[in-house]
Amino acid sequence: MGRVGVDIYPQQIGVGLEDVESFAKFLGGSPTNVAVAAARYGRRAAVITKTGDDPFGRFIRKALRGYGVDDRLVGTSADLPTPVTFCEIFPPDDFPLYFYRFPKAPDLDIRPDELDLDAIRAAKVFWVTVTGLCQEPSRSATLAALEARGKRDITVLDLDYRPMFWDSPQAARDWVKLALPHVTVAVGNREECEVAVGAHDTPAEAARALRAAGVSLAVVKQGPKGVLALDDTGQVEVPPVPVKVVNGLGAGDAFGGALVHGLLADWPAMRIMRFANAAGAHVAGELACSDAMPTESEVERKLQEAPDAA
């Protein structure tokens, strides 16, 4: 449940938008990309979101169906345009984003009375993001969905903190604090974990703080340093998979879809983290996000390049 839009990516790498000569458009939005990634592994996926009543909204529905993601829970806003996002590509680690979500994105206009609570309760995995908490009525809808879910099965909060959507980190922390007791899994990078549960000296301490807030599995992504996870069985830490980065923007969403796949398969934490790490590395080596989401066999091939493959 959450963000959707159209990603407008430059076809020239290493130049600012003012010097880009051509672009390509792709399906975008973090939770939407996670659904696409999960569908690549044969999982049944749907997205609760909203688009504008415009050509980009029609493109989104067509793209979702093409990726095997159910679009029946995608609503339409009569007066808000479908958002677009531009990026600049400066490998290996600089990918500025420019969000055009004015006056408000339709996915932040989801109302509690529009939710299919039966579908939310029935899902084996329910995935929401911190961005969904940044404005009303999406905030109330997100919390209503989590309360109806009742911490069933696998309920994931992507910490997904985007400063441009919030007045301050503290404002985000206040609302995350209300959401965390309803979820079983929390996943985010070091900055996002700090927003959620305060500053900690190490990833392990951040993971323990998330566990203390009520989650069963805490996942702390560390970019070029790999990933750390903590659950009831203990802590695991996985090194990064080497990759020549083209565009790092979709790596986290690929990680998320692979995380969902591993959780549904009931793999142990170490196997899930290794698999998700490799999925993220695969997409970091590609230009697009949604188009680049890998199949299981592609991830397994990427795993052979991992430092701990032997």
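Residues take their numbers from the sequence shown, with the count starting at 1.
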Expected output: side-chain [X] to main-chain [Y] donor-acceptor under 3.5 Å:
X      : Y      : answer
Asn247 : Leu287 : yes
Gln12  : Glu21  : yes
Asn277 : Pro239 : yes
Ser138 : Gly132 : yes
Arg152 : Arg149 : yes
Glu88  : Leu17  : yes
Lys151 : Thr184 : no

Charged N to carboxylate O below 4.0 Å: is that the case for [X] and [Y]?
X      : Y      : value
Lys50  : Glu114 : yes
Lys104 : Asp79  : no
Lys177 : Asp174 : no

Check: For Arg121, does the CZ atom have more than 12 heavy-atom neighbours from other residues, nucleotides or ligands under 6.0 Å away?
Finding: yes
Next item on the list: Count the heavy atoms belonging to other residues, nucleotides or ligands that lie under 6.0 Å from CG of Asp167, then report whether that count exceeds 12.
Entry: no
Notebook entry, point to check: Among Asp54, Asp107, Asp53, whose side chain to side chain donor-acceptor pair (under 3.5 Å) with Thr82 holds?
Noted result: Asp54
Next item on the list: Applying salt bridge (charged side-chain N to carboxylate O under 4.0 Å, His left out), name anything that partners Arg58, two or more places apart in sequence or on another chain.
Entry: none
Could you grab the distance from atom [atom1] of [X] to atom [atom2] of [Y], nearest 0.5 Å is fine?
X      : Y      : atom1 : atom2 : answer
Leu133 : Leu143 : CG    : CG    : 5.5 Å
Asp109 : Thr76  : CG    : OG1   : 11.5 Å
Arg61  : Asp71  : CZ    : CG    : 6.5 Å
Leu259 : Trp267 : CG    : CH2   : 10.5 Å
His182 : Glu147 : NE2   : CD    : 4.5 Å
Phe86  : Ile8   : CZ    : CD1   : 5.5 Å

For [X] against [Y], the heavy-atom pair lying closest together:
X      : Y      : value
Ser290 : Tyr67  : OG-OH, 3.4 Å
Ala119 : Leu73  : CB-CD1, 4.5 Å
Cys134 : Arg139 : O-NH2, 3.1 Å
Thr85  : Leu97  : CG2-CD2, 3.7 Å
Asp253 : Ser30  : OD1-OG, 2.7 Å
Ala144 : Leu115 : CB-CD1, 4.4 Å

Kindly indicate whether the side chain of [X], heavy atoms from C-beta on, has any atom under 4.5 Å from the side chain of [Y].
X      : Y      : result
Leu249 : Cys289 : yes
Pro240 : Pro307 : no
Ile89  : Phe95  : yes
Val299 : His282 : no
Glu192 : Val130 : no
Phe56  : Pro81  : no
Leu146 : Val128 : yes
Pro10  : Phe23  : yes

[Y] versus [X], side-chain donor and acceptor atoms under 3.5 Å:
X      : Y      : value
Arg43  : His261 : yes
Gln304 : Arg301 : no
Arg3   : Thr129 : no

Notebook entry, point to check: Relative to Phe165, does Arg101 satisfy both conditions: NZ or CZ under 6.0 angstrom from the six-membered ring centre, and within 45 degrees of the ring's axis?
Noted result: yes
Is there a path of hydrophobic side-chain contacts, each under 4.5 Å between heavy atoms, that joins [X] and [Y]?
X      : Y      : value
Leu117 : Ile154 : no
Leu180 : Tyr161 : yes
Val245 : Val227 : no
Val260 : Val36  : no
Val236 : Leu263 : yes

Donor-acceptor list for residues 193-210 side chains, cut-off 3.5 Å, not counting sequence neighbours:
| residue | atom | partner | partner atom | Å |
| --- | --- | --- | --- | --- |
| His200 | ND1 | Gly198 | O | 2.9 |
| Thr202 | OG1 | Glu205 | N | 3.1 |
| Glu205 | OE1 | Asp201 | N | 3.0 |

Checklist line | Check against side-chain contact (heavy atoms from CB on, under 4.5 Å), Leu157 and Val176 | finding: CA-CA 9 Å; Leu157 178 64; Val176 173; 4.2 Å; yes
Next item on the list: Please lay out, stage by stage, how Trp175 and Thr142 fare under the test side-chain contact (heavy atoms from CB on, under 4.5 Å).
Entry: CA-CA 11 Å; Trp175 289 107; Thr142 300; over 6 Å; no
Note to self: Checking Val4 against Leu27 for the side-chain contact (heavy atoms from CB on, under 4.5 Å) test, could you report, in this order, the C-alpha distance in whole Å, the side-chain angles of both residues, the deciding distance, and whether it holds?
What the structure shows: CA-CA 8 Å; Val4 74; Leu27 180 67; 4.2 Å; yes
Notebook entry, point to check: Can you name the side chain to side chain donor-acceptor pair (under 3.5 Å) partners of Arg162, sequence neighbours left out?
Noted result: Asp160
Checklist line | Worked check of side-chain contact (heavy atoms from CB on, under 4.5 Å) between Asp291 and Tyr9 | finding: CA-CA 12 Å; Asp291 270 9; Tyr9 283 180; over 6 Å; no
